[in-house]
Amino acid sequence: MTTSKYESKYEEEDASEETIIVQAVAGDLAAFNQLVLRYQNLAYSVAYRTLQENAAAADVVQESFIKAYRAIATFQGGSFKSWLIRIVANTCYDLLRSQQRKITDSLDDLIDNDEYAPYLEDTTANPQLHVEQMELSQLLESSLAALPPDQRLVLTLCDVHGYSYEEIAQMTDAPIGTVKSRLNRARTRVRDYLLQRPELLPPAFRP
Amino acid sequence: MTTSSYPEITDELLSAYIDGAVSDAERDLIEKAVREDATVAWRLDSLRHTVNLLRTLPVLQAPRSFVLTAEQLAQPVHTPALVPGVVVADQRAAPDAHPPRIAQQTTRRKSLLERWRGFWQTGSPVWRNAMAASMATLLVLMIAPTFLSLGRHSEPTAASVALVRENATRQEAPIASEAHDSVSLIEQGESSAPKATASIETAAMQPDSGEESVMMATVMPETTAPEIAEAAVATFATEDAFPEGATVGEAPVAASNLAPGLSVARIASPMEREGDPLNPMPPVEASAETGLGVTAIEEASAPLMAVPAAAPPTTASEEIIAGEEAVTATSLLDLSSEEMATTAANVEESPSGDAVLADSDGIVPAPERTQDGITVQAVGAQAVGAQAIGQDTATHADDVQSTAMAPTAQTSSEVVTRAVAAVQVKQWLPWLQLVLAGAVVLFGLLWQRSRQRT
């Protein structure tokens, strides 16, 4: 899992993170920026998966960090990551609520953006396989885009970033039962969406 | 989606099984269903592959650094545009229109304002509003008694002055100047009469109107006729009590010389003094509007007017009346208590004090009283203060007591009720303040707790 990279990277620095957080709570902007550098990728990933748009995701991340700095005094310990992602998620929801617009065509922007190619991880792969992987990735992205924002967020946090039900419940400020329900419905819908293109699915996946 | 063989195995349960979030019993059931039912197996496999595909999605890298700067923190947070291609005016570029120092000050003020707003907007609005309401109520309860006490202190003085002025205005125009002088003297007398003022304040604690305070100020059961007479005589000893040109009937009386709780209510004008029986002065009813106590006050001032004023009488009738008044004043001191009681009994037989003093025409049939060979006759055609002249001062003194007794029953009950209410309020007010202070603290803690949760 890609999220394990984050987990393994920062396990050694948990003790120092507490020190940084204490300094940030005291008003040290430099200390807070260390936290920004540590979690900005995660924040952007969550924001993008939720909003399905680059510019909006960047603005939401910037706004979320500003909100987090201004509200750092209210942080009472625990998982700073969960606290930060909650701010990001709420900011995304606020934006979607204000815009009242469902993102369904963000996949075009994703394809047209030459600077962004997150799924081109293996450049030495077979071109045909590469194309299939590309199409499968696009299919996945479009299936995510087709989900409601709340299901999309839960699915991203659980399957993309690997958070537990309890952590997701804290981040989304929802009960665990709600998290389970949303996650199940999201996975079921994505499965049904993928089954529309069975040729792209692994043989075991095909009905 | 459920299977026919295992309807209890739902997709949600299978999803939780994939995440390892099921109990041992559920795990065994699912594994059994997978072995026995192909549909359940396919559902589990499809979900597992979906999750595996989703987990292949990478964690996106941030396109740029989101490190915060001081300028960003000073600027207000703006909402980004979601629609592609829509240009949103960057508010962060606006400060270029202002000088740097002003922009910094403006941004600092805005940031402070934003922080202030953010401070109050975070947390539960219920607890915040409850705390604010408790605090406002506490402030009102702390400030209100101060204002109420200040108002009560000023009421007796204003009421007395208002009463004097009211009676003075009912007289004819030439009286106006004398009334003003009298008022000033009364005010001076009241300021030097702490005892009288204290009694007035005590009686005037509850009422709101000045008239009521005057009524209660005049209703003093402890006031007796001898006290009134003594006060009257003492007052007449002061020349200042008689303005130049004033005659009997218009002599003001310093409140300090009166018995406690009494004050001069009416000042007779020269016109009154010169009036003859055929031209009665305004009836008592006019002054009764301000309360029966006014009549009592005026009657109490009768002895004061018995002493001749500075201006000598111009007519023979005035000489007689002046002499009668002088005798009346001196005779007041000579009256025994028995005579006063007898007179009081005679007076009590009358339906009201007003009826004793004047009828509808303002003429008061006064009994004759002979003492030391001088007949004291009542001059019923004059005003109340003048009407009292010629009558037995003891009678009038008892009238004061009797008429004062009549309204006492009613006003005293009101006074008692209001006094009791005031005492109760004073008893409970500190407790209310304490409860509200506790409510402010409690709601503040609950609001702070809600703020910390957000």
Side-chain angles (χ1 to χ4, degrees), chain A residues 1-3 5-6 29 32-33 36-37 40-45 48 51 53-56 58-63 65-67 69-71 74 76 95 98-99 101 103 109 115 118-119 121 136-137 140 155 158-162 165 180-181 183-184 187-188 190-191 194 201-202 204-205 207, chain B residues 1 10-16 18-21 42-43 45-70 72-86 88 111 114-115 118-119 122-123 448-454:
Chain A
M1 263 194 300
T2 54
T3 53
K5 297 179 183 178
Y6 283 93
L29 182 59
F32 184 82
N33 283 331
V36 172
L37 293 174
Q40 63 181 3
N41 292 334
L42 173 62
Y44 179 79
S45 178
Y48 179 82
L51 300 175
E53 191 171 17
N54 268 335
D59 288 343
V60 165
V61 170
Q62 187 71 74
E63 184 177 343
F65 280 125
I66 293 175
K67 287 182 179 179
Y69 178 77
R70 290 175 176 174
T74 62
Q76 293 183 331
L95 180 60
S98 63
Q99 297 289 339
R101 177 175 177 270
I103 307 302
D109 295 336
E115 297 178 357
Y119 37 85
E121 297 180 354
L136 184 58
S137 296
L140 279 172
L155 187 67
C158 182
D159 293 336
V160 178
H161 296 279
Y165 289 175
K180 290 182 179 179
S181 175
L183 182 62
N184 171 63
R187 286 174 174 174
T188 304
V190 169
R191 181 192 63 185
L194 294 176
L201 299 176
F205 199 157
Chain B
M1 182 185 299
T10 60
D11 288 343
E12 184 173 339
L13 185 61
L14 294 176
S15 178
I18 294 172
D19 296 328
W42 179 85
R43 286 165 53 201
D45 289 338
S46 62
L47 281 175
R48 184 176 286 137
H49 288 301
T50 302
V51 173
N52 292 335
L53 286 174
L54 290 170
R55 290 176 178 174
T56 60
L57 290 175
V59 176
L60 302 178
Q61 298 295 320
R64 60 179 176 86
S65 174
F66 292 97
V67 170
L68 300 180
T69 61
Q72 290 175 337
L73 294 173
Q75 294 171 357
V77 179
H78 70 285
T79 304
L82 186 60
V83 179
V86 175
V88 178
S111 66
E114 288 294 327
R115 290 183 182 181
F119 173 78
T122 54
Q448 181 64 18
R449 184 180 178 185
S450 66
R451 289 182 65 248
Q452 292 173 353
R453 286 181 177 177
T454 57

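In the text below, chain A, chain B and the rest are named by the order of the sequence lines, each starting its count at 1. Keep in mind that the numbers below use all heavy atoms, side chains included, and drop hydrogens, waters and symmetry copies.
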Which residues pass the side chain to side chain contact (heavy atoms under 4.5 Å, CB included) test with Ala62(B), sequence neighbours left out? Gln40(A), Asn41(A), Tyr44(A), Phe66(B)

Heavy atoms only: give me the nearest Leu140(A)-Leu53(B) pair and the separation to one decimal. CD1-O, 3.4 Å

Quick one: CG on Asn184(A) to CG on Leu14(B), what's the gap to the nearest 0.5 Å? 8.5 Å

Restricting to ring pair (Phe, Tyr, Trp, His ring centres under 6.0 Å), what partner residues turn up for Tyr165(A), sequence neighbours left out? none

Do you know the tightest heavy-atom contact between Pro58(B) and Val160(A)? O-CG1, 4.2 Å

For Phe65(A) and Leu68(B), work out which heavy atoms get closest and say how close. O-CD1, 3.5 Å

Identify which of Leu155(A), Asn33(A), Leu183(A) forms the greatest number of heavy-atom pairs closer than 4.5 Å to chain B. Asn33(A)

Within a strict 4.5 Å, meaning less than it, do heavy atoms of the Ser65(B) and Leu37(A) side chains meet? yes

Note: vs chain A, highest number of non-hydrogen pairs under 4.5 angstrom among Val51(B), Ile18(B), Leu13(B) is Val51(B)

Looking only at non-hydrogen atoms, find the nearest pair between Ala58(A) and Arg64(B) and report the distance. O-NH2, 4.0 Å

List the atom of Gln62(A), the atom of Gln72(B), and the distance in Å for their closest heavy-atom pair. NE2-OE1, 3.6 Å

Answer whether the closest heavy-atom distance between the side chains of Leu194(A) and His49(B) falls below 4.5 Å. no

Spacing of Leu73(B) atom CG and Leu29(A) atom CG [to the nearest 0.5 Å]: 5.5 Å

Minimum heavy-atom distance between Asp19(B) and Arg187(A), given as atom pair plus value: OD1-NH2, 2.8 Å

Show, in sequence, the C-alpha distance, side-chain angles and deciding distance for Arg55(B) and His161(A), and conclude whether the side chain to side chain contact (heavy atoms under 4.5 Å, CB included) test is met. CA-CA 8 Å; Arg55(B) 290 176 178 174; His161(A) 296 279; over 6 Å; no

